[in-house]
Amino acid sequence: MKEILICGARVLRADLSTCDPADVLIEDGNIRAIEPPGRISRENVERIDATDRLLVPGLVNGHTHGHGGLGKGAVPDRVPLEVFLSASGAINGSRSVEDKRLSATLTAVELVRKGCTAAYDLYVEYPIPSREGIAAVAEGYREVGMRAVIAPMMADHTLYSALPGLMEALPPHLQERARQIEAAPYEASIASAREILHTWHYDRDLLRPALGPTIPLHCSDAFLIACARLADECDVVVQTHVAESKAQAVLGLQKYGRSLVAHLQDLGVLGPRFSAAHGIWLDGEDIARLAGAGVGVVHNPMSNLRLGSGIAPARALLEAGVRLGIGTDASNTSDGQNMFEAQRLAALLSRVADVDPERWLSVEEVFRAATQGSAEILGFDRLGRLEPNHRADIVFLDVGHINYVPLRNPLQQLVLAENGAAIDSVMIDGRFVLRGGRLLRLDEARLRRQVEAAVERLDAANAGLKAAAEPFRDLVGHFCLAHARAPFHVHRRLPDDRAPS
Ligand SMILES: [Zn+2]
């Protein structure tokens, strides 16, 4: 492959403090050298002038859902997690394989446009994952040119059989209807997931399969254990949503007699290939368990705020030695895919979680989490830093953009001021996927037409499901609110109610 020499840019190095002008030599998708300007001499090299550009590692999204792309704008204002879940069938229903690809493509386009080069995607298909469906998702990412870890998201309980007491709290006619919603037996999901893992034919440097048992309460113990075994068998990573809402944590205590994390540990499913999305309602023992098992946690501040789920104890997780990543969660509950916003929120939310500035997340900690931390959780090494022998996933920011005028402190301005608007180009695996503000590999106007046509058709097809979900909405909401109001042993991270450390 031809070598590329990027000249004239400032380069944010792995120490996150050096940001001097440098030339970057790229070969075969890898960074071969970063040297002061003019020092690398090569013939037959493609020279790229990057004057007025700041080069930073591509952001790595530790938790998203490609199926959320077509669900943008479909989640009402002021809706907590469980109410959203009660209507998710109406948002994700009736989709063809082509619709699944389209949703993943749309998600990938927004990720790239906002500076993300790799993502961990838990993609749902109902009632079980399919080889064609997950292949369509992989095609969506491939079309855009992104790296991704794609995990079929699976459950063998419905919301109504998952949450103890919810079914009984419904009036009889709704109980009857809730019982008609069926989840597939876990053996069927595992068999399909095994086929997906064993027949994966994509280049694993770019696209990898994984497993996504959706939420512990929504999965039987046998299912969770089978996922962990299959992950070991196929050497893939596993991710699930852990203690995302307070209702989940309270109902977990009720169902298991111990915390969600203690339960997962007792099942023997925690380990270095396991990661927990959200991880909000954790106590000190949970955090120690996660750290001891080598589990990664992905902080998703945007959807945690949108759904009112809470604030993850990011400082306590870092102090315990837990690998911390940052994610956006789905476009339906986060209203987009912006890893720059996620970083800024992670930095700023830590300041309302604690009055002690020493315990706030620094911009270095946030940026490391959004790059190297997430990359480790995806299972990729040599990713998330601009250094020789690392993958050439690079975001080119225009330092002439108002976000950087004046440019005084690149890392701080990157984390606390950038919103994606200054992105000029994005390179993944040594190839431009976005250049000069234009996507190189697909026609965005055509994508828009396809998305609008699909959404019009799907909204009409799902109107019945939406109407059928409506009577459950307030009942689910009140049930979960009653549990969220229950006394709970986790209070340390609430503002003004933190136990002394
Ligand atoms: Zn999620």
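Side chains are part of it too, since the values below use all heavy atoms of this structure and drop only hydrogens, waters and symmetry mates. Ligands are counted one by one from 1 in listed order, and the atoms in each one are counted from 1 as well.
Considering N300, D77, D335 as possible partners of R306, the one that fulfils the side chain to side chain donor-acceptor pair (under 3.5 Å) test is D335.
Nearby protein atoms of type N, O or S around the Zn ion (ligand 1) amount to 4 (distance under 2.8 Å).
No donor-acceptor contact under 3.5 angstrom links the side chains of D266 and Y256, judged on distance only. Looking only at atom types and distance, the side chain of T328 has a donor-acceptor partner in the side chain of N61 under 3.5 Å away.
A 4.5 Å side-chain heavy-atom check between W281 and S259 finds every atom pair outside the cut-off.
A parallel orientation is assigned to the rings of H241 and H65, their planes being inclined by less than 30° (bins at 30° and 60°).
In this structure, H67 has its ring center under 6.0 Å from that of Y123.
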